[in-house]
Amino acid sequence: MMLKAQTGGWCLIILAIIAGVQLQENQRSVQPASEPHIYRPALQPTETAPPIETYKLDKSCIKATMGIQYIVIEKKKAWYYNLEPSRVRTGGSCGEEAAVLSLTLPDNAASLQLTFRKKGNIFYVSNLTAHVSPLPVCQGCSNKTYSGVLTNDKLFAAADGQSFKCKSENLLQTSPELRIRLVPLQIQAFTLLKGHYGKEVECWADFTQRVIPIILGATVVGLFLIAVTTSLFIKDRHREGYDRL
């Protein structure tokens, strides 16, 4: 009788343990699932150089090497975000006279879209669209998306088979609240031989930075030579006057 009582007691204990384990599993199964993490860029109060990356769409369609910086104006203050190449998804479309390069961050947190046109023997960017949905810049501030569009007749234009290149910064205002800074920039569309850039077309800013020092130097040298020549001429005239006396 005692053996049966002990056996029955152990059975009750085992059943209680099994019931407890099942109850814990059931409680875990009914816990609400955690919300998925949504990526949002963090704006910075100070400006830094953006990382440079080469983005390609097909081998012979579009190639762009550039650093991309978003400049957000919030409450009359500038905030900065450098596009992270490792997070960028490249997409777009290619045609004979129109092409699109689209750069997008996860969860559509930011994007930059360049629309290319080809007219005759010239290609150029006709439209630039951008947006960024960053973390709020202050405590208590609401989530906000900054977006803008820039339409230009012939932005970054170059001859077919050549590439537009600019070491100087290109600051593009897409809206009162959003500017896009591209620095440096080399870009080509429609015709890329074996995926390589063609002959470089220098932007006006680089040209002036390169030529103006040369012009100023030549001007200084010219003024110096004029001054020396004038001085020698005056001395010769004085000598002639002394000889006559």
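- Here the side chain of E74 pairs no donor or acceptor atom with the backbone of K77 at under 3.5 angstrom.
- Distance CG/N143 to CD1/I38: 9.0 Å, rounded to 0.5 Å.
- A distance-only check finds a donor-acceptor pair linking the side chain of Y197 to the backbone of Q186 [under 3.5 Å].
- From E177, atom CD reaches atom CD1 of I71 across 14.0 Å, with rounding to the nearest 0.5 Å.
- At least one side-chain heavy atom of L43 sits less than 4.5 Å from a side-chain heavy atom of P134.
- For the pair T174/V149, no side-chain contact is recorded, criterion being any heavy-atom separation below 4.5 Å from C-beta on.
- With contacts defined as side-chain heavy-atom distances shorter than 4.5 Å, the pair F156/C166 does not qualify.
- Ring planes of F116 and F190: perpendicular class, angle over 60° (limits at 30 and 60°).
- Listed by chain and number, the residues in a side-chain hydrogen bond (donor to acceptor under 3.5 Å, both in side chains) with S111 are H131 (sequence neighbours excluded).
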Between S60 and D58, is the side chain to side chain donor-acceptor pair (under 3.5 Å) condition met? List the steps. CA-CA 6 Å; S60 59; D58 293 341; over 6 Å; no
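- Stacking of K63 on the aromatic ring of Y55 is not recorded, the 6.0 Å distance cut-off and the 45° axial limit not both being met.
- A side-chain donor-acceptor contact under 3.5 Å links Q188 to the backbone of G198.
- For the salt bridge (Lys or Arg N to Asp or Glu O under 4.0 Å) with D160, the qualifying choice from K119, K199, K118, R117 is K118, the only one to do so.
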Can you give me every donor-acceptor pair (side chain of residues 82-105, partner residue at least two apart or in another chain, under 3.5 Å) with its distance?
residue	atom	partner	partner atom	Å
N82	OD1	Q69	NE2	2.9
N82	ND2	T48	O	3.4
N82	ND2	T48	OG1	2.8
E84	OE1	R87	NE	3.4
E84	OE2	Y39	OH	2.7
E84	OE2	Y81	OH	3.1

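- The side-chain hydrogen bond (donor to acceptor under 3.5 Å, both in side chains) search around K167 returns none, not counting sequence neighbours.
- Rounding to the nearest 0.5 angstrom, the gap separating the CG atom in L155 from the OG1 atom in T115 is 11.5 Å.
- Contact check for R40 versus S133: side-chain heavy atoms found under the 4.5 Å cut-off.
- For the pair I187/S163, no side-chain contact is recorded, criterion being any heavy-atom separation below 4.5 Å from C-beta on.
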